[in-house]
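Step one of this worksheet: look at the structure below.
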Protein chains: 2
Amino acid sequence: MDIASAHVKGYLVEHTANTPQQLRRANMATILAVLRRSGAANGTDLIDATGLARATVIAVCDDLIKAGWVQELPAQKPSTGVQKGRPARVFEFDARAGFVVGLDIGMAKTTAVVADLKGAILAKNTVAFAAMGVRADSPAPRFTVIDQAICAALADAGAVPGEVLAAGVGIAAPVDRAGNIPSGQPMWKTFDTGIKDELQRRHGWPVLMGNDANLAALAEAWMGVGAGVQDLAVMLAGERIGFGLMESGRLLRGARGRAGEVGSLELLDGVGTPDGIARLARDLGAQTETAELTQFPSAEQVFDAAARGDAAAAKILTTIAVRLGRVIAVVATFTDPELVVIGGAVAASSAVLLEALEAELANFLPSPPRVAVSPLGDSIVSLGAVRLALDHVQEHVLELVPGGGGMRGRNSRQME
Amino acid sequence: MDIASAHVKGYLVEHTANTPQQLRRANMATILAVLRRSGAANGTDLIDATGLARATVIAVCDDLIKAGWVQELPAQKPSTGVQKGRPARVFEFDARAGFVVGLDIGMAKTTAVVADLKGAILAKNTVAFAAMGVRADSPAPRFTVIDQAICAALADAGAVPGEVLAAGVGIAAPVDRAGNIPSGQPMWKTFDTGIKDELQRRHGWPVLMGNDANLAALAEAWMGVGAGVQDLAVMLAGERIGFGLMESGRLLRGARGRAGEVGSLELLDGVGTPDGIARLARDLGAQTETAELTQFPSAEQVFDAAARGDAAAAKILTTIAVRLGRVIAVVATFTDPELVVIGGAVAASSAVLLEALEAELANFLPSPPRVAVSPLGDSIVSLGAVRLALDHVQEHVLELVPGGGGMRGRNSRQME
DNA sequence: AATATTATATTTAGAACGTAAATTTATGTT
DNA sequence: AACATAAATTTACGTTCTAAATATAATATT
């Protein structure tokens, strides 16, 4: 073994003993990471980025090409000035050396997203369980629907299942660090706890599970308004409030995967329940005197009415803003984020809440965090699932075989 | 440069390019870490722990001996069985290759603790500012008092200032990841923000700043009831409530160092203020009809009276337990710790609160965390400061010179 | 006392890696 | 065609780790 780890009075110490071979692997990982984000690079670029000598950089790149992670591009004309000297070899991380799948498995529907290894979103597919005649409480046929969403998205992306290197899955239940669901909601329990193994069995991919709000935070920190923010709170607030918390660029999960999960809020003055924006809008709408809102009110109707100047609707929005503001105030008090993002399907309409929300925050916090609305819409969880899968792939690049590998049909790239 | 780092759409990626020399350094760090926790070890032990070959292990140990971090012990008689074969060389991390200082700088007094590099506590010294005639609002002479506490503790430990490799400092103010105090309390501001530079200037040590509750968490995770717990909340609750939060074995600091800091709690039903146990006991005691408690009541008097069966005092304790329980319930809801520890000077007497506190927690949480009382007493912050300094030393071992080094008097160990 | 046993340290030879310097290569300019 | 230039490639070398062979220091056996 080359890893020794031990608990030292509560401190987990991990030691990695190194051999020259592992040294080369480390440098491969380094250069691969540089290439992943730099589009295309030549030897000199990589020398500058890594500090390694030219001979080493080229040797590593050749190794990476042989391994299938990197492609060599035809020599480029210099964009600035004239071509001087021997043309540089140009290397590029092969974003199509594999694919990842991101799943958002909800109560009513499942969304599958396919991305390449650089995170470019290639396809997205949503299938409602109801539309396929699946009852809410029947676990087995759900997987058929989920597979259908996956396969359609893969086909759209021009990928075959064998090329998928990992899948991330978001569900509305706590997920601990090991990827287990400690104690699911009664109804979902049998289904939730089986998702990981069943998907792994069906497709043979590594499957990473994540709580929906946590994945929303990953997505937001990746490609939303939270990009670059190290300390971030993302609030999913459609039907039910839930937070995804990142501190120092890392996701907080908690002992049982419940970090950011909102249980009862009866302790919070003027809040009481963890109801989300859509639900509050509906419930409060039903109680007003505005005729349009009392009958079959929907969140959209309330927001629309407020936009048109309906006083009752405007009052509802203020009430919602006050409630959310208080919840955010408490979370921000204890976790001190730089930015709080409101995400999910209700995010777009929530922009009108921002001002009232910030006013409420100011009542309770001396220096409140910034508040923003997510641009990722209802893709936020599936994008987070993609990010989760990408993180797994990036962490295990050199252990994986690009293009499917293993028993599955290898593509021509890696045949010699 | 050999480190390339860049922001990739919100993700900080750090790459370390490696050379053979860095490889040896990594193996030195590995073996040093194994030795630090294993007391004493021979070649075979280290081979098992690291996976390196015998020749490498011995060579690395010789390097470490030459560098001053490791000592070779005379061959040991085997405790079990008889000595067979050539006796093994025995290596030991030299816990006295240097020292660390932990400081708890409070409003009224300063405590200095000196420990060796294995974390053994060698000396402790507390000096009250008042006793030295220092007014609360005069920054300058405080450093004289602090230095006095440090020097006395160092002398007690048999260490000279030149042998100190780092100092950790705990203060009752937020401290961000860079070690700065973003916005101190008005009165302390000029003093607090200057502590780090002034101590560094006076002694030449690396000085690490930490919030008191955060350091309490480090201490508890190190040598308290929280040892081995990855997700931990430690509540300092003497005069004012403050939390130190650890997730996945890492301290949470937040964007401005305010993670775990309790501001106003007016949002929390039945709580309102962040008053701690001692303060609540005093305030509530003053309002009872028990004569003993109304005049100059102190926290101890209230706890004593309750222990003797005084009904009013018992009621006060229940009130306190309910308040604390509610605060803990909210923190636990959002951060999901495995264990909550009550720490500080009031910890010992707080044991009687545990039952009522757990009952209150059960009202709000479906699966509440364990709750315990810290065994570290009022040393908790200074021990955390020691841990902070030790962590710094461990992280930078191979950059430091044991025994003081640099301009300071080297000790004989490293002269050749 | 001499010899075997045994676990360990040390030496030796070899392979992999990274670097610096010299050399070659491919392009554009004169 | 000769030259300039920038990059790739080759060469020689030092460092590291490993495996195998050898030496060493203790005890046990004869």
Side-chain angles (χ1 to χ4, degrees), chain A residues 1-4 15-31 40-66 70 72-91 398, chain B residues 1-4 15-31 40-66 70 72-91 398:
Chain A
M1 72 155 169
D2 63 353
I3 288 186
H15 313 300
T16 340
N18 294 305
T19 65
Q21 286 80 348
Q22 290 169 307
L23 206 156
R24 171 46 81 64
R25 286 177 65 86
N27 285 338
M28 285 174 72
T30 301
I31 289 192
N42 58 35
T44 308
D45 295 338
L46 296 174
I47 292 167
D48 294 344
T50 63
L52 294 165
R54 167 161 261 119
T56 308
V57 163
I58 299 295
V60 168
C61 284
D62 284 338
D63 281 1
L64 287 170
I65 289 171
K66 210 183 294 173
V70 166
E72 184 167 358
L73 302 182
Q76 293 176 313
K77 294 285 163 210
S79 52
T80 163
V82 291
Q83 158 82 43
K84 280 182 177 182
R86 178 174 180 168
R89 292 174 65 183
V90 181
F91 306 98
L398 298 181
Chain B
M1 70 154 171
D2 62 353
I3 288 188
H15 314 300
T16 339
N18 294 305
T19 66
Q21 285 79 351
Q22 290 169 306
L23 207 156
R24 170 45 79 67
R25 286 177 66 86
N27 285 338
M28 285 175 72
T30 300
I31 289 191
N42 58 34
T44 308
D45 295 339
L46 296 174
I47 292 167
D48 294 344
T50 63
L52 293 166
R54 167 161 261 120
T56 309
V57 164
I58 299 295
V60 168
C61 285
D62 284 338
D63 280 1
L64 287 170
I65 290 171
K66 209 184 294 172
V70 165
E72 185 168 357
L73 302 183
Q76 294 176 313
K77 294 287 164 214
S79 52
T80 163
V82 290
Q83 157 83 45
K84 281 182 176 180
R86 178 175 178 168
R89 291 175 66 185
V90 181
F91 305 98
L398 298 182

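To find a chain, count down the sequence lines: A is the first, B the second, and so on, and within it residues start at 1.
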Quiz prompt | Donor-acceptor contact present, side-chain B:Asp48 to main-chain B:Asp45, <3.5 Å | solution = no
Exercise. Examine the side chains of B:Arg24 and B:Thr56 and answer whether a donor and an acceptor come within less than 3.5 Å of each other.
Key: no
Heavy atoms only: give me the nearest [X]-[Y] pair and the separation to one decimal.
| X | Y | answer |
| --- | --- | --- |
| A:Cys61 | A:Ile31 | SG-CG2, 4.1 Å |
| A:Leu23 | B:Asn18 | CD2-O, 3.3 Å |
| A:Ala29 | A:Leu398 | N-CD1, 3.9 Å |
| B:Val90 | B:Ala40 | CG1-CB, 3.8 Å |
| B:Arg54 | B:Thr44 | NH2-OG1, 2.6 Å |

Calculate the interatomic distance between [X] atom [atom1] and [N] atom [atom2]; express it in whole Å.
| X | N | atom1 | atom2 | value |
| --- | --- | --- | --- | --- |
| B:Asp62 | D:dT16 | CG | P | 13 Å |
| A:Asn42 | D:dT9 | CG | P | 13 Å |
| B:Met28 | D:dT15 | CE | P | 16 Å |
| A:Ile47 | D:dA6 | CD1 | P | 14 Å |
| B:Leu46 | D:dC17 | CG | P | 14 Å |

Produce the list of close N/O pairs, under 3.5 Å, pairing protein atoms with atoms of nucleotides 5-7 of chain C; give distances to one decimal.
residue	atom	partner	partner atom	Å
C:dT6	O2	B:Gly85	N	3.2
C:dA7	N3	B:Arg86	N	2.8

What does the list of N/O pairs under 3.5 Å between the protein and nucleotides 15-19 of chain C look like, with a distance for each?
residue	atom	partner	partner atom	Å
C:dG18	OP1	A:Asn27	ND2	2.4
C:dG18	OP2	A:Arg24	NE	3.1
C:dG18	OP2	A:Arg24	NH2	2.9
C:dT19	OP2	A:Ala53	N	2.9
C:dT19	OP2	A:Thr56	OG1	2.7

Self-check item: Listed partners of B:Arg89 passing side chain to side chain contact (heavy atoms under 4.5 Å, CB included), at least two apart
Solution: B:Ile58, B:Asp62, B:Ile65, B:Glu72, B:Phe91
Practice problem: Return no unless some side-chain N or O of B:Arg25 is found under 4.0 Å from OP1 or OP2 of D:dT16. | Solution: no
